[in-house]
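Structure first, then comments.
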Amino acid sequence: MLRFAPSPTGDLHIGNLRVALFNYIVAKQKNKRFIVRIEDTDQARNVEGKDKEILEILKLFGIEYDDLIYQSKNLHFHQNLAFKLLEEGKAFVCFCSEEELEKEREKAKKERRPYRYSGKCENLTLKEASQRRGKFVIRVKKPATPIKFRDLIKGEQQFSPFEVDSFVILRSNGMPTYNFACAIDDMLSDIELIIRGEDHLSNTPKQIHIRNLLGYTKEVEYAHLPIILNEEGKKMSKRDKASSVKWLLEEGFLPQAIINYLILLGNQTPQEVFTLQEAIEWFDIGKLSKTSAKFDLAKLRFLNRKHLEKLDPKLLAQKIGVKEELGELVKLYLEEASTLKELKEKIRKVLEEKREFGEFKREAQELKEIIAQLELPTEFEEFKKEVMKRSSLKGKRFFKPLRLILSGADKGPEISLLYRHLRPEIKELIKL
RNA sequence: GGCCCCAUCGUCUAGCGGUUAGGACACCGCCCUUUCACGGCGGUGACGGGGGUUCGAGUCCCCCUGGGGUCGCCA
């Protein structure tokens with residue numbers, strides 16, 4: 001069983017989409033089930049409706065899941081198991097206030113040493129604890145020996161008890177913390193391979209520690225993906241527009257192109273342009289680069305154009321909101337545009353924008369009058385010959401204004417092709 | 001700062017002891033063209049530094065430097 005576990009606290013991030021994608025691909029390859037788990041234990045930060053939005057995006061990208069779980073539904077497991085650890089002496093009640101801890105953190109920072117829990121409440125007995133009043137949390141006792149695990153991408157990993165620390169597993173409001181809930185849910189769902197971002201690497205020993213204490217012996221495999229960097233080489237954040245899947249979609253990038261790019265990034269693939277189905281055939285998580293990669297919008301644009309080129313003309317026309325017959329014309333403009341948004345704008349200019357003829361005003365007027373009276377032949381050559389004959393114009397003074405009439409721009413796709421696909425519209429275009 | 005990870009063109013990468021260090025995107029030039037962010041052809045451009053090991057190092061080892069991640073009652 002594999003899983004994707006987003007939190008409904010913000011827009012789906014491009015890095016998260018990649019995590020979902022890889023989990024999906026590997027599940028398909030291994031013929032395992034794949035579930036989505038919404039991590040909603042932080043009520044304060046949950047955003048109403050974000051879960052649905054995330055699910056919709058997954059659907060749009062063709063990432064299908066076998067089951068959907070809400071982490072909050074497992075609350076009773078989390079709480080019961082926290083108390084079990086407490087009773088067994090593997091966890092303890094901690095009364096340290098947040099202010100107190102904050103002070104210690106600042107002190108640690110000033111002394112340039114990493115902050116770790118002081119251990120102050122570690123030896124409080126349950127009896128002593130029950131006699132005290134005030135808010136408290138439950139912390140797990142840090143392990144006695146280093147925690148080791150194997151990562152499919154990073155190799156063997158080892159973390160000292162000091163790095164794991166005695167961390168909080170149950171908050172003062174009774175809700176589990178991320179690491180605790182996550183460790184338990186993965187156990188309950190029988191997750192065998194966890195593919196997630198590198199930023200979770202240091203969480204992994206904590207989660208393993210929890211399951212160890214709970215007596216869970218099954219070994220879980222990990223693959224921590226290098227994070228995606230922005231152009232400055234920093235972790236992509238909400239500040240980077242391209243990090244938002246929603247934004248990319250609005251800009252007119254095709255889901256299949258985004259998928260292509262996310263698989264290509266930091267990877268060795270047999271082709272540059274491919275479909276998700278093809279990738280499932282050869283994708284190898286172990287071949288992913290250990291180095292974090294910068295997000296390259298230019299490359300995405302290139303791939304998007306390639307996928308746009310593969311689209312059925314009618315479907316393409318539909319996507320940019322023009323009649324299906326104009327699909328071939330839209331395709332012509334792929335040589336000048338890389339996204340649906342740009343394409344839409346190009347086509348709008350051809351079909352709707354008022355023409356500016358500049359120095360060719362007189363010639364354009366002459367051509368328009370001729371065209372208005374002409375029965376338009378199928379072939380451009382014929383059309384050209386006829387209009388030329390009737391007009392007395394030739395060369396640049398013929399082609400420039402003609403191009404302007406047909407497309408509204410002084411440059412663009414080959415004029416004979418424009419004519420072929422635009423022919424039914426020409427009588428209208430000369431009125432612009 | 002502690003811990004962890006990483007290091008080949010601007011970007012993504014190939015390379016697994018002997019290569020003119022290859023490809024793709026981007027960029028530039030030429031051709032085609034009335035024109036073009038299409039197409040064809042070509043070009044600029046990289047092994048971070050220092051020590052070893054070796055006949056020989058981008059490839060193996062060490063150090064330095066640089067970059068990234070992480071150190072919450074967030075996930």
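Naming convention: chains lettered A, B, ... in sequence-line order (proteins, then strands); numbering from 1 in each chain. In this text, all values refer to a predicted model and were calculated from it rather than measured experimentally.
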Indicate, with a heavy-atom threshold strictly under 4.0 Å, whether [X] touches base, sugar-phosphate, or nothing.
X	result
A:K346	base
A:G266	sugar-phosphate
A:Q157	sugar-phosphate
A:E336	base
A:K235	sugar-phosphate
A:P413	base
A:I415	base
A:N173	nothing
A:E39	sugar-phosphate
A:K135	nothing
A:V168	sugar-phosphate
A:T41	sugar-phosphate
A:R403	base

Among [options], the nucleotide that comes nearest once only the side chain of [X] is considered:
X	options	answer
A:D199	B:U70, B:U34, B:C71	B:U70
A:T177	B:G69, B:C4, B:A75	B:A75
A:S7	B:G2, B:U35, B:A75	B:A75
A:K396	B:U34, B:A14, B:C5	B:U34
A:E335	B:C38, B:A75, B:C4	B:C38

Stepwise ring-ring contact (aromatic ring centres under 6.0 Å, His included) test for A:F383 and A:Y419: CA-CA 9 Å; A:F383 167 80; A:Y419 176 82; 4.4 Å; yes

A:Y178-A:N203 side chain donor-acceptor pair, cut-off 3.5 Å: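 No.
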
Regarding A:S72 and A:D40, is there a side-chain donor-to-acceptor distance under 3.5 Å anywhere?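 Yes, A:D40 and A:S72 have a side-chain donor paired with an acceptor closer than 3.5 Å.
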
Check the distance between B:C73's C1' and A:Y115's OH and give it to me in whole angstrom.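 Rounded to the whole Å, the gap is 11 Å.
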
Atom CD of A:Q71 to atom C1' of B:A75: distance rounded to whole Å?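 Interatomic distance, CD of A:Q71 to C1' of B:A75: 9 Å.
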
A:Y115 six-ring centre to A:R105 NZ/CZ under 6.0 Å and within 45° of normal: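 Yes; both conditions hold, so A:R105 lies above the ring face of A:Y115.
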
If each of A:P114 and A:D410 is mapped to the nucleotide of RNA chain B with the nearest heavy atom, which maps nearer the 5' terminus, i.e. the 5' end?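 The residue closer to the strand's 5' end, by nearest nucleotide, is A:P114.
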
For RNA chain B, which residues in residues 285-312 of chain A have a heavy atom at a distance below 4.0 Å?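 Contacting residues: A:S289, A:K290, A:T291, A:A293, A:K294, A:D296, A:A298, A:K299, A:R301, A:F302.
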
Closest non-hydrogen atom pair between A:T41 and A:M175, with its separation: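 Nearest pair, atom of A:T41 first, then A:M175: O-CE, 3.4 Å.
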
Minimum heavy-atom distance A:L126-A:E87, with the two atoms named: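 Heavy atoms of A:L126 and A:E87 come nearest at CD1-CA, 4.1 Å.
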
Only pairs at least two apart or in different chains count here, so list each salt bridge (charged side-chain N to carboxylate O under 4.0 Å, His left out) that has a residue in residues 281-290 of chain A.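 For residues 281-290 of chain A: none.
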
Kindly determine whether A:V168 and A:Y117 satisfy side chain to side chain contact (heavy atoms under 4.5 Å, CB included), including the steps that lead there. CA-CA 10 Å; A:V168 175; A:Y117 176 63; over 6 Å; no

